[in-house]
Q: 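This structure is in C-alpha cells; I'll ask about it shortly.
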Amino acid sequence: MSAVSSSSLCGGDPAMRSVVWFRRDLRVEDNPALAAAARAGGEVVPAYVWSPEEEGPYYPGRVSRWWISQSLKHLDASLRRLGAGKLVTRRSADAVVALLQLVRDTGATHVYFNHLYDPISLVRDHRLKEMLAAEGIVVQSFNADLLYEPWEVVDDERQPFTMFTAFWNRCLSMQYDPPAPLLPPKKINSGDLSMCPSEDLIFEDDSERGSNALLARAWTPGWQNADKALTAFLNGPLADYSVNRKKADSASTSLLSPHLHFGELSVRKVFHLVRMKQLVWSNEGNHAAEESCTLFLRSIGLREYSRYLSFNHPSSHERPLLAHLRFFPWVVNESYFKIWRQGRTGYPLVDAGMRELWATGWLHDRIRVVVSSFFVKVLQLPWRWGMKYFWDTLLDADLESDALGWQYITGSLPDSRELDRIDNPQFEGYKFDPHGEYVRRWIPELVRLPTEWIHHPWDAPVSVLQAAGIELGSNYPLPIVELDAAKARLQEALSEMWQLEAASRATMNNGMEEGLGDSSEVPFPEELQMEVDRATANVVMTVRRREDQMVPTMTSSLNRAETEVSADLGNSEDTRAQVPFHAHFHPRVEREDMIQNTEGPALRINGTHQHNIFQQPQNHRREALAPSVSEASSSWTGREGAVVPVWSPPAASGHSETFAADEADVSSRSYLDRHPQSHRLMNWSQLSQSL
DNA sequence: ATTAACTTCAC
DNA sequence: TGAAGTTAA
C-alpha cells in the first residue's frame with residue numbers, strides 16, 4: 001500500500017475524519033465507538049484489521065475464521081445501508097502499524113474503538129493510544145462488551161472480587177444500571193473511500209471450504225441474525241431454561257455465544273431484554289420462568305467474570321491463578337490427548353461429546369464440563385492443551401471464557417471445584433443423558449446397546465454386548481484409564497505438588513528469586529501449533545494430514561466400522577431435530593486447521609516473555625484510571641471515552657498477592673489464608689508431607 | 001414450630 | 001465436599 005499522504009488518496013479534505021476500528025464488536029447497534037464517531041460529525045471510516053499473528057498460539061481456528069468472514073460481510077452491508085462507504089480492511093502482523101498507516105492514508109484526526117480485555121489487546125490498545133496521541137490524533141475508546149467495566153466492580157475495600165458469586169451479586173446490585181443500548185446511527189457519511197486502499201482478507205484455504213459450507217447451513221453470523229436468534233430465544237426456550245439446561249442435547253440453550261463472542265450482540269441489550277421478561281414473568285407468578293432468567297443471566301455473568309479475571313490477571317489463560325497448581329505434575333502424554341480428541345476414551349458420554357465437538361464445533365455447556373473434567377482429572381493432561389483444543393475447534397471459542405472454564409475445572413480458582421474430586425462419567429451420563437440418546441447419536445457403534453448399559457458398556461454381560469454388535473477393545477474401546485487408577489494417581493500427584501510447592505517456598509524464603517520448575521509451562525504439542533510466515537505476514541497453511549482428526553470415530557484398524565460410521569453420520573442429518581444445528585462435516589473432508597508453528601519468539605506467548613511484556617512499567621495505576629463508583633454513576637457517558645483498560649502492574653495493587661500468577665515472589669500461602677475453604681486441601685497436604 | 005435427615009448443585 | 005434448600009417427624 002502506498003504511503004502517499006492521504007487526503008488525496010481517499011477523496012476530499014473534510015474538516016474532520018474519524019476511523020472506527022472494529023474488532024470483536026461487529027455490530028451497528030449499541031456500538032458506542034461507532035455512535036461517537038457518527039455523533040462527532042465529519043466523515044467516518046469504518047475499518048477492520050486482520051492481524052491474527054498477534055494472538056501468538058491462539059491463532060483463530062477454522063470455524064472462528066469462517067465466522068469472522070461471514071460477520072464482516074454482514075457488517076459491511078449494514079454500514080453501506082447507513083450510507084457509509086465500504087468497510088476498509090487491512091492485513092498486517094501488527095494492528096497498530098496497520099492502523100497508523102490507515103490514519104495517514106485517510107488523514108483522519110480521530111480514532112474510535114471499543115474495549116477488549118484479553119491480555120494481548122490490553123497491551124496493544126494501550127500502545128496504540130500512546131502512538132496515536134504522539135501523532136496528535138484524538139483517540140477515544142468505549143465499553144461495548146460488558147455490563148460494567150472491570151474496574152467498576154469492586155468489593156467494600158475497593159478491591160477486585162476473587163469469587164464469582166460475590167462478583168455477580170455486586171453486579172446485580174450496583175448503584176446504577178448498565179447503560180441502555182444505543183440505537184444504530186441514522187446516517188454515516190464516509191466521504192469518498194473508493195480510492196482508499198483495502199486489502200482482501202483470506203479466512204479460509206481451499207481445503208477448508210467444504211467444511212465451512214456445511215457450517216453455513218447451521219449458523220448465520222451477522223449482527224442482525226444475532227438479534228433474530230436473541231428474539232427467538234427470548235420468546236421460546238428461555239422460559240424453560242431452568243428445566244432444560246441439564247440435558248446434553250437440550251433444545252433450550254441460547255446458541256448466542258458465538259454471536260456474543262464477536263460482539264454481534266450487545267450483552268447490555270440481552271441483559272435489558274431478559275430483565276424485562278423476568279419482570280413480566282415475576283408479575284405473573286411464573287416462578288420457573290423467572291428462575292430461568294436468573295440462571296441465564298448468571299451465564300451472562302460468567303462471561304462478564306471471564307473478562308474481569310483477564311483484566312485483573314492477564315496471565316489467566318496460561319498460568320493457574322492458585323500458585324500451588326503450578327507444581328502439579330501433569331501427565332504429558334500426547335497419545336492420551338489424541339484419544340481424547342478422537343472420542344475413543346471408552347467412556348461413552350465423554351466420547352460422544354468429543355465427537356460432537358469435532359463434527360460440529362459445538363458442545364453443550366454441561367458436556368464441556370464433563371469432557372474437560374475428564375481431561376484434567378482422569379487423564380491428568382495439562383489443562384492448557386485442552387483449552388487450546390477448545391480454542392481450535394469451538395465455534396464460540398473465547399479465550400477469556402475458556403480460561404475461566406478450564407481454571408475452574410482444574411481447581412486453580414478460589415471458588416473452583418476441588419481438584420481431587422473426580423466426577424464419574426457414568427453417573428453424569430445418566431444425569432445429563434438419561435436415555436442414552438445423545439450417546440447413540442454421536443457414537444453409532446453403541447446404537448444397539450440398551451440404556452441400562454449405555455453409559456457403562458464395560459459392565460454389560462457378554463450376551464448383551466454381542467447382541468448389540470459390540471466387541472469391547474475392538475470396535476469400541478475399553479476405558480482408557482480406570483477411575484480408581486486415576487484417583488490413586490491423582491492423590492500421588494497432589495502430594496507431589498504440595499511437596500514441590502513447599503520446597504519452592506523454602507527456596508524463595510532463602511532469598512532465591514525464582515521458585516522451582518513450573519508445570520504450567522508444559523509446551524503445546526507440536527500438532528497444536530501453527531506455522532507463521534512472518535516475512536509475508538501470511539499464515540502458511542502447512543498441509544498436514546491429521547488422520548486422527550478427520551473421522552470422529554474408530555481406530556484406523558477398523559475400516560469397516562469407519563465406513564459404517566460415516567454413512568451413519570450422514571444419514572442422521574434429518575433425524576436430529578433436537579440437536580441445535582445440522583452441520584455435519586463429511587468425515588472425509590480433509591482439514592488442516594492445525595498448523596505447525598515455527599514462528600520466532602517475538603510473538604510467542606510463553607511464560608517468561610509474556611511476563612516481560614506485562615512487567616514493562618506503566619504509569620497508570622488502576623486507581624488512577626478507574627473513576628470511583630459514585631463518580632461513574634453521575635458522569636458515565638462523559639467519561640467513558642476517556643477510560644482505557646490498562647493492565648496495572650501487580651506490585652501496585654495490594655490485592656494481587658492472593659493470586660500467584662501476578663507476582664514472582666508470591667506463594668499460595670497468602671491465598672490460602674484468604675480462602676479458608678482451601679485449607680482442607682492444605683491440611684491434607686501437610687498430613688501427607690509428614691508421612 | 002423446630003430440628004434433623006435428606007437432596008441438590010456447585011463457575 | 002458442604003452450603004442451601006426441602007421434606008419428614
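Note on naming: letters A, B, ... go to the chains in the order of the sequence lines (proteins, then strands), and numbering restarts at 1 for each one. Below, each value reflects all heavy atoms present in this structure, side chains not excepted, and no hydrogens, waters or symmetry copies. Keep in mind that this is a model prediction, so the values were computed, not measured.
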Q: Check side chain to side chain donor-acceptor pair (under 3.5 Å) between A/Tyr438 and all other residues, then give those that pass, not counting sequence neighbours.
A: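 Side chain to side chain donor-acceptor pair (under 3.5 Å) check on A/Tyr438 returns A/Glu356.
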Q: A/Asn169 has an atom CG; how far is it from atom P of C/dA3, in whole Å?
A: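 Roughly 17 Å, once rounded to whole Å.
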Q: If I take atom CD in residue A/Glu291 and atom C1' in nucleotide C/dG5, what distance separates them, rounded to the nearest angstrom?
A: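 Value for this atom pair: 12 Å.
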Q: Who are the side chain to side chain contact (heavy atoms under 4.5 Å, CB included) partners of A/Ala229, not counting sequence neighbours?
A: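 Listed in chain order: A/Leu256, A/His259.
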Q: Starting from C1' on C/dT1, measure out to CG on A/Leu494 and report it in whole angstrom.
A: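 My rounded result for the distance is 15 Å.
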Q: Side-chain atoms of residues 279-288 of chain A: list all donor-acceptor pairs with protein atoms under 3.5 Å, sequence neighbours left out, distances to 0.1 Å.
A:
| unit_1 | atom_1 | unit_2 | atom_2 | d |
| --- | --- | --- | --- | --- |
| A/Asn283 | ND2 | A/Leu279 | O | 3.3 |
| A/Asn286 | OD1 | A/Ala289 | N | 3.2 |

Q: Provide the start and end nucleotides, 5' to 3', of the part of DNA chain B that has atoms under 4.0 Å from heavy atoms of chain A.
A: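 Taking any atom under 4.0 Å from a heavy atom of chain A, the span is B/dC9 to B/dC11.
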Q: In chain order, what residues pass the side chain to side chain contact (heavy atoms under 4.5 Å, CB included) check against A/Asn424, with sequence neighbours excluded?
A: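 For A/Asn424 the side chain to side chain contact (heavy atoms under 4.5 Å, CB included) partners, ignoring immediate neighbours, are A/Gln426, A/Phe427, A/Leu483.
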Q: Just call it for A/Ser299: base, sugar-phosphate, or nothing, with non-hydrogen atoms closer than 4.0 Å on any strand.
A: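 Touches nothing.
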Q: Listing request: all salt bridge (charged side-chain N to carboxylate O under 4.0 Å, His left out) pairs with a residue in residues 163-178 of chain A, at least two apart in sequence or in separate chains.
A: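 Non-adjacent pairs meeting salt bridge (charged side-chain N to carboxylate O under 4.0 Å, His left out): A/Asp156-A/Arg170.
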Q: Report which part of the nucleic acid A/Arg366 touches: base, sugar-phosphate, or nothing (heavy-atom distance under 4.0 Å, all strands).
A: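 It contacts sugar-phosphate atoms only.
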Q: Testing A/Leu255, A/Val63, A/Thr360 for side-chain contact (heavy atoms from CB on, under 4.5 Å) with A/Leu395, which one passes?
A: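 With A/Leu395 as partner, A/Leu255, A/Val63, A/Thr360 yield a single side-chain contact (heavy atoms from CB on, under 4.5 Å), made by A/Val63.
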Q: Indicate, with a heavy-atom threshold strictly under 4.0 Å, whether A/Asp423 touches base, sugar-phosphate, or nothing.
A: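 Result for A/Asp423 = nothing.
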Q: What is the distance from NZ of A/Lys377 to P of C/dT1, rounded to the nearest Å?
A: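 It is 12 Å, rounded to the nearest whole Å.
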